[in-house]
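Ligands are counted one by one from 1 in listed order, and the atoms in each one are counted from 1 as well.
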Amino acid sequence: MNLADRFPKELEGLLRRIGEIGERAGFTVYAVGGFVRDLILGVPNFDLDVVVEGDGRLFARRLAEEMGGEVVSYDRFGTATVRLEGERIERLDVVTARKERYPHPGALPEVEPGTMRDDLFRRDFTINAMAVKLNPSGYGELLDPFDGLGDLKRGLIRVMHDKSFIDDPTRIFRAARFEQRYDFRIEPHTESLIRQAVEINAPLTVSRQRIWHEIYLILSEPIPEKPILRLQELDVLRFFRSDLSREGLGLFPRIRELHGEIKGLVEDEIDLPIAYLAALIGGYTPRAVREFCREFGLSKEIEDKLIDSVMLARFEGSLDRPSAIYRSFERKSIESLIFFVALKGDEVKGAVIEYLTRLRHVKPLVKGDDLKRLGLKPGPIFGPLLKRLFDMQLDGQLRDKSELSDLLPKLLDELKP
Ligand code: ATP
């Protein structure tokens, strides 16, 4: 089977050049994995992984030289990442075809150079274990020693061998993710292997960081509640957490809709998976959130977003004035606000949108210098006074600095300790 005519037009030139550079260096080079799977399914995928039968590092250097790019990193498995300039694909992962051996379950594998067949055999599922040749002779030819094509047609997620989930239990999470993404089925024998691995608690051999990585990928799926429910059904979700909120999962569709609406209104980057996560752990205390973040090695940035979320979940205040809206949402992350609207319903939606699109951009009319100019000595009263003035401004009770001298005596009296 030849897939050359299915290559995305934007990548035609790049793929040909990769093949030619490989040819000149004396190596056979292939595109592999998800790129090939999605090519056959007709799903756009610009995430190109290249496998080189030969020396992947040398090839990566040649590629960078000839295409005016740069090799940006090597990892311990000999994977090189090449940054290309002016191409539709900016980063390209290049690996040397290799064999893997797992020294113990859940460990990272030991690797040695191997053939392309070895390289495909080390992969997670047959549908991800196909390659397309890029050298000029045989350009576009499908290499499919494990009948990935047949499984794609049948809609099956099938492992390469019976020890697969013991070697690497993260594949259990991946199986649910691909199954639900494509509306496939995990093939019955593969499912029984999952159940056996779960029975002996194989996922406990995986680090918490790697589990989180898989969960993050799941939460990045178009409809993440599907793989999550599937993991629950396979009794695997407990290896992430066993105290996730069912109701929170029910908020996912609403979170998705709100994300769609709000992203068109603001410039912020929105980390949608974190808004989903907020729903799953929205009932935690701030302290439990901190422990959660420590457990999975999450960044301070994510921790702050989650803390905002659990605080907002307990919010009971009023949102009847612009200043009340501003003070309730001040510095809260956009993810936590999306979660908040999903949780509390549409009556708070207007307030959140008002905050995001207008209130948070308002600049205070009055600054400390203005107060000094009116003869006030800087002191502890400045903070509360400026805050009060800003609230008045937001609520339309202060429109111009000239109103300040009339207002001050009354406000100072009000704020007197
Ligand atoms: P996605 O569409 O989610 O990006 P992908 O198949 O491209 O899916 P990657 O995580 O980018 O997924 O992995 C690229 C390829 O590497 C996979 O297609 C698969 O062949 C292989 N792979 C990834 N993770 C594993 C794993 N845990 N065990 C074995 N092979 C893996």
Side-chain angles (χ1 to χ4, degrees), residues 8 11 30-52 56 75 77-81 89-102 105-111 114 116-132 142-149 151-152 157-184 186 190 193-194 197 202-203 205-207 209-224 226-227 236 239 273:
L11 300 187
Y30 299 88
V32 287
F35 177 80
V36 179
R37 176 197 69 217
D38 287 343
L39 198 62
I40 297 169
L41 288 174
V43 175
N45 183 338
F46 292 83
D47 199 355
L48 186 60
D49 289 313
V50 171
V51 175
V52 178
D75 76 5
F77 303 124
T79 305
T81 303
I89 289 184
E90 284 174 2
R91 290 164 58 92
L92 194 73
D93 283 330
V94 177
V95 307
T96 307
R98 68 200 195 205
K99 248 192 237 179
E100 282 182 350
R101 202 181 69 80
Y102 286 81
L108 293 177
E110 287 169 1
V111 306
M116 193 58 215
R117 192 181 195 283
D118 295 327
D119 196 274
L120 293 176
F121 187 67
R122 74 177 170 90
R123 289 170 187 270
D124 48 2
F125 309 114
T126 56
I127 61 163
N128 289 340
M130 293 180 277
V132 172
L142 179 70
L143 182 68
D144 179 22
F146 307 105
D147 194 25
L149 187 61
D151 283 337
L152 264 190
I157 308 294
R158 184 197 310 269
V159 278
M160 314 294 294
H161 57 85
D162 283 6
K163 263 185 71 220
S164 188
F165 295 119
I166 305 295
D167 285 345
D168 181 357
T170 66
R171 291 171 185 161
I172 299 173
F173 294 82
R174 293 176 63 87
R177 185 156 63 86
F178 291 122
E179 178 194 58
Q180 296 301 316
R181 180 198 294 173
Y182 297 117
D183 273 326
F184 281 12
I186 297 174
T190 297
L193 295 172
I194 291 181
T205 60
V206 177
S207 74
Q209 277 90 340
R210 289 183 69 209
I211 298 276
W212 164 247
H213 180 68
E214 293 306 322
I215 296 295
Y216 190 85
L217 292 177
I218 284 174
L219 295 176
S220 306
E221 288 289 317
I223 308 182
K226 287 176 63 193
V236 176
F239 295 105

Worksheet item: Looking at L152, V36, D38, which one forms a side-chain contact (heavy atoms from CB on, under 4.5 Å) with I127?
Response: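 So, applying the side-chain contact (heavy atoms from CB on, under 4.5 Å) to I127 and each of L152, V36, D38, only L152 qualifies.
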To check your reading of the model: name the closest protein heavy atom to [atom], its residue, and the distance in Å.
atom                    : value
atom 4 (O) of ligand 1  : D47 OD2, 4.0 Å
atom 6 (O) of ligand 1  : R37 NH1, 2.8 Å
atom 24 (N) of ligand 1 : R174 CZ, 3.2 Å
atom 19 (C) of ligand 1 : D124 OD1, 3.5 Å

What do we get for [X] next to ligand 1 when only non-hydrogen atoms under 4.0 Å count, side chain, backbone, both or neither?
X    : answer
D168 : side chain
T170 : side chain
D49  : side chain
F178 : side chain
E214 : neither
R177 : side chain

Discussion item. Quick check for you: to the nearest 0.5 Å, what is the distance between N128 atom CG and L120 atom CG?
Written reply: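 If we round to the nearest 0.5 Å, N128:CG and L120:CG are 10.5 Å apart.
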Worksheet item: What orientation do F125 and F165 show, parallel under 30°, tilted 30 to 60°, or perpendicular over 60°?
Response: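 Tilted: the ring planes of F125 and F165 meet at 30° to 60°.
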Worksheet item: Angle class for the Y182/F184 ring planes (parallel below 30°, perpendicular above 60°, tilted otherwise)?
Response: tilted
Worksheet item: Nearest heavy atom to atom 16 (O) of ligand 1: which of R171, R123, H213, E221 does it belong to?
Response: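 It is R123 that holds the nearest heavy atom.
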Discussion item. Among F146, F121, Y102, exactly one meets ring pair (Phe, Tyr, Trp, His ring centres under 6.0 Å) together with H161. Which residue is that?
Written reply: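 Result for ring pair (Phe, Tyr, Trp, His ring centres under 6.0 Å) with H161: F121.
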Worksheet item: For G34 and ligand 1, does the shortest N/O to N/O distance drop below 3.5 Å?
Response: yes
Worksheet item: Any nitrogen or oxygen of N45, main chain or side chain, under 3.5 Å from a nitrogen or oxygen of ligand 1?
Response: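 So ligand 1 has no N or O lying under 3.5 Å from an N or O of N45.
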Worksheet item: Any salt bridge between D147 and R158, counting N to O under 4.0 Å?
Response: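 No salt bridge links D147 with R158.
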Worksheet item: Is D168 salt-bridged to R210, going by a charged N under 4.0 Å from an acidic O?
Response: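 Yes, charged N to carboxylate O under 4.0 Å.
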Item to complete: Check the pair D167, E100 against side chain to side chain contact (heavy atoms under 4.5 Å, CB included), reporting the backbone distance first and the verdict last.
Response: CA-CA 10 Å; D167 285 345; E100 282 182 350; over 6 Å; no
Worksheet item: In this structure, are over 12 heavy atoms from other groups packed under 6.0 Å from R91 atom CZ?
Response: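 Incorrect, the count does not exceed 12.
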Worksheet item: Going by the atom numbers of ligand 1, which of them fall below 4.0 Å from some non-hydrogen atom of R181?
Response: 1 (P), 2 (O), 3 (O)
Worksheet item: G33 heavy atoms, cut-off 4.0 Å: which ligand 1 atoms fall inside?
Response: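 Listed by number with element, the hits are 18 (O).
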Discussion item. Which heavy atom of M116 sits nearest to which heavy atom of A131, and what is that distance?
Written reply: CE-CB, 3.6 Å
